[in-house]
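Worksheet for the structure shown next.
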Amino acid sequence: MMEAVEFVHAEGWDVAPTLFALVPTALVADQLAGLEDESAPLTLIVQEEIPAHIQPGSDELGDYLTRLAWPEEVAGVILAQEIIFREKAEAAEASRPQQARPARLFSGVLREEGLELTLLQIRPTEEELEAAGPFAQDEIQLRGGPEVAPAVIGALRYSLDNE
């Protein structure tokens with residue numbers, strides 16, 4: 001997941017959703033010289049661009065994902081997309097309403113192990129970047145938890161189960 005986070009972070013903000021396949025490194029080691037790293041059993045492969053008319057967080061994106069079918073060699077998938085995020089009411093201070101903020105949502109599932117993970121990266125404001133120093137834009141702060149983006153996880157899992 002962190003490799004996908006770092007890849008998307010390097011692209012900057014205001015980009016289209018990015019879809020990644022996770023494949024066993026042994027399958028692609030011959031094509032990619034120097035990739036015999038046994039500590040990384042899976043390799044992240046960026047997929048072709050999602051059609052430009054499909055917006056992040058849309059029902060159309062969910063529909064697109066559920067129409068995908070991955071070969072059995074694909075061990076998992078990760079979707080990175082920019083969304084607008086608002087804290088849940090119980091998580092926010094009662095005295096101060098939370099503003100909606102741009103964020104990145106990284107959602108991934110593995111086929112066999114049944115593992116799933118969703119991480120959220122809130123886009124820092126210009127003021128936050130300025131206050132944090134000259135290299136603040138390089139810092140990646142993530143958070144996640146159970147039941148984050150269950151519809152996205154469900155669509156990704158469904159795409160792995162398609163035949």
Side-chain angles (χ1 to χ4, degrees), residues 1-52 54-58 60-62 64-85 101-125 128-129 132-162:
M1 182 69 86
M2 283 309 297
E3 190 176 341
V5 169
E6 291 166 359
F7 179 92
V8 172
H9 186 75
E11 297 289 310
W13 289 91
D14 303 318
V15 297
T18 306
L19 189 61
F20 303 90
L22 292 164
V23 298
T25 300
L27 288 179
V28 294
D30 293 340
Q31 287 81 26
L32 303 172
L35 194 65
E36 292 85 22
D37 183 4
E38 292 180 20
S39 67
L42 296 175
T43 297
L44 192 69
I45 300 178
V46 179
Q47 300 303 292
E48 290 185 27
E49 288 186 17
I50 293 173
I54 297 179
Q55 297 299 306
S58 68
E60 193 173 17
L61 178 58
Y64 174 80
L65 293 173
T66 60
R67 286 185 278 122
L68 297 176
W70 300 95
E72 66 182 48
E73 293 82 12
V74 173
V77 292
I78 297 172
L79 175 68
Q81 62 178 316
E82 292 185 20
I83 62 167
I84 300 298
F85 175 76
R101 295 196 47 190
R104 284 190 187 117
L105 188 68
F106 298 91
S107 301
V109 297
L110 290 179
R111 186 188 303 263
E112 295 300 320
E113 292 84 5
L115 296 175
E116 55 191 49
L117 178 64
T118 297
L119 298 173
L120 183 73
Q121 178 188 20
I122 304 292
R123 184 176 186 168
T125 64
E128 290 169 339
L129 288 173
F135 300 105
Q137 71 275 6
D138 295 334
E139 199 173 305
I140 300 173
Q141 294 183 12
L142 300 168
R143 56 179 153 166
E147 299 300 314
V148 176
V152 177
I153 292 292
L156 292 173
R157 176 131 343 263
Y158 186 85
S159 75
L160 285 172
D161 293 338
N162 275 347

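The structure displayed is predicted, hence computed values, not measured ones.
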Could you measure the distance from the [atom1] atom of [X] to the [atom2] atom of [Y]? Nearest 0.5 Å is fine.
{"X": "F106", "Y": "F20", "atom1": "CZ", "atom2": "CZ", "answer": "7.5 Å"}
{"X": "Q141", "Y": "I122", "atom1": "CD", "atom2": "CD1", "answer": "10.0 Å"}
{"X": "E3", "Y": "I78", "atom1": "CD", "atom2": "CD1", "answer": "8.5 Å"}
{"X": "S58", "Y": "I83", "atom1": "OG", "atom2": "CD1", "answer": "12.5 Å"}
{"X": "E82", "Y": "T18", "atom1": "CD", "atom2": "OG1", "answer": "9.0 Å"}
{"X": "T118", "Y": "L142", "atom1": "OG1", "atom2": "CG", "answer": "12.0 Å"}

Using a 3.5 Å distance criterion without hydrogens, assess whether the side chain of [X] forms a donor-acceptor pair with backbone atoms of [Y].
{"X": "E73", "Y": "P24", "result": "no"}
{"X": "R123", "Y": "R101", "result": "no"}
{"X": "Q81", "Y": "L105", "result": "no"}

E60: side-chain hydrogen bond (donor to acceptor under 3.5 Å, both in side chains) partners, not counting sequence neighbours: H53

Given E11 and R104, is the salt bridge (charged side-chain N to carboxylate O under 4.0 Å, His left out) satisfied, shown in steps? CA-CA 12 Å; E11 297 289 310; R104 284 190 187 117; over 6 Å; no

In sequence, state the C-alpha distance, the side-chain angles, and the governing distance for R143 and V148, and then conclude on side chain to side chain contact (heavy atoms under 4.5 Å, CB included). CA-CA 10 Å; R143 56 179 153 166; V148 176; over 6 Å; no

Determine, step by step, whether L68 and V77 satisfy the side chain to side chain contact (heavy atoms under 4.5 Å, CB included) criterion, reporting the C-alpha distance in whole Å, the side-chain angles of both residues, the deciding distance to 0.1 Å, and the verdict. CA-CA 11 Å; L68 297 176; V77 292; over 6 Å; no

Determine whether I54 and P17 make a side-chain contact, defined as any pair of heavy atoms from C-beta on separated by less than 4.5 Å.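 With C-beta onward as the side chain, the pair stays apart.
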
List in chain and number order the residues that pass ring pair (Phe, Tyr, Trp, His ring centres under 6.0 Å) with Y64, two or more places apart in sequence or in another chain; answer none if no residue qualifies. none

Y158 pairs by side chain to side chain contact (heavy atoms under 4.5 Å, CB included) with which of N162, D161, L156, L160?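 Passing option: N162.
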
Minimal non-hydrogen separation, [X] against [Y], with atom names:
{"X": "G108", "Y": "I153", "value": "O-CD1, 3.7 Å"}
{"X": "L61", "Y": "P56", "value": "CD2-CA, 4.1 Å"}
{"X": "M1", "Y": "L117", "value": "CE-O, 3.3 Å"}
{"X": "A21", "Y": "V74", "value": "CB-CG1, 4.1 Å"}
{"X": "A103", "Y": "W13", "value": "C-CZ3, 3.8 Å"}
{"X": "W70", "Y": "Q47", "value": "CZ3-OE1, 3.5 Å"}

Non-neighbouring partners of E116 that pass salt bridge (charged side-chain N to carboxylate O under 4.0 Å, His left out), sequence neighbours left out: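 R157.
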
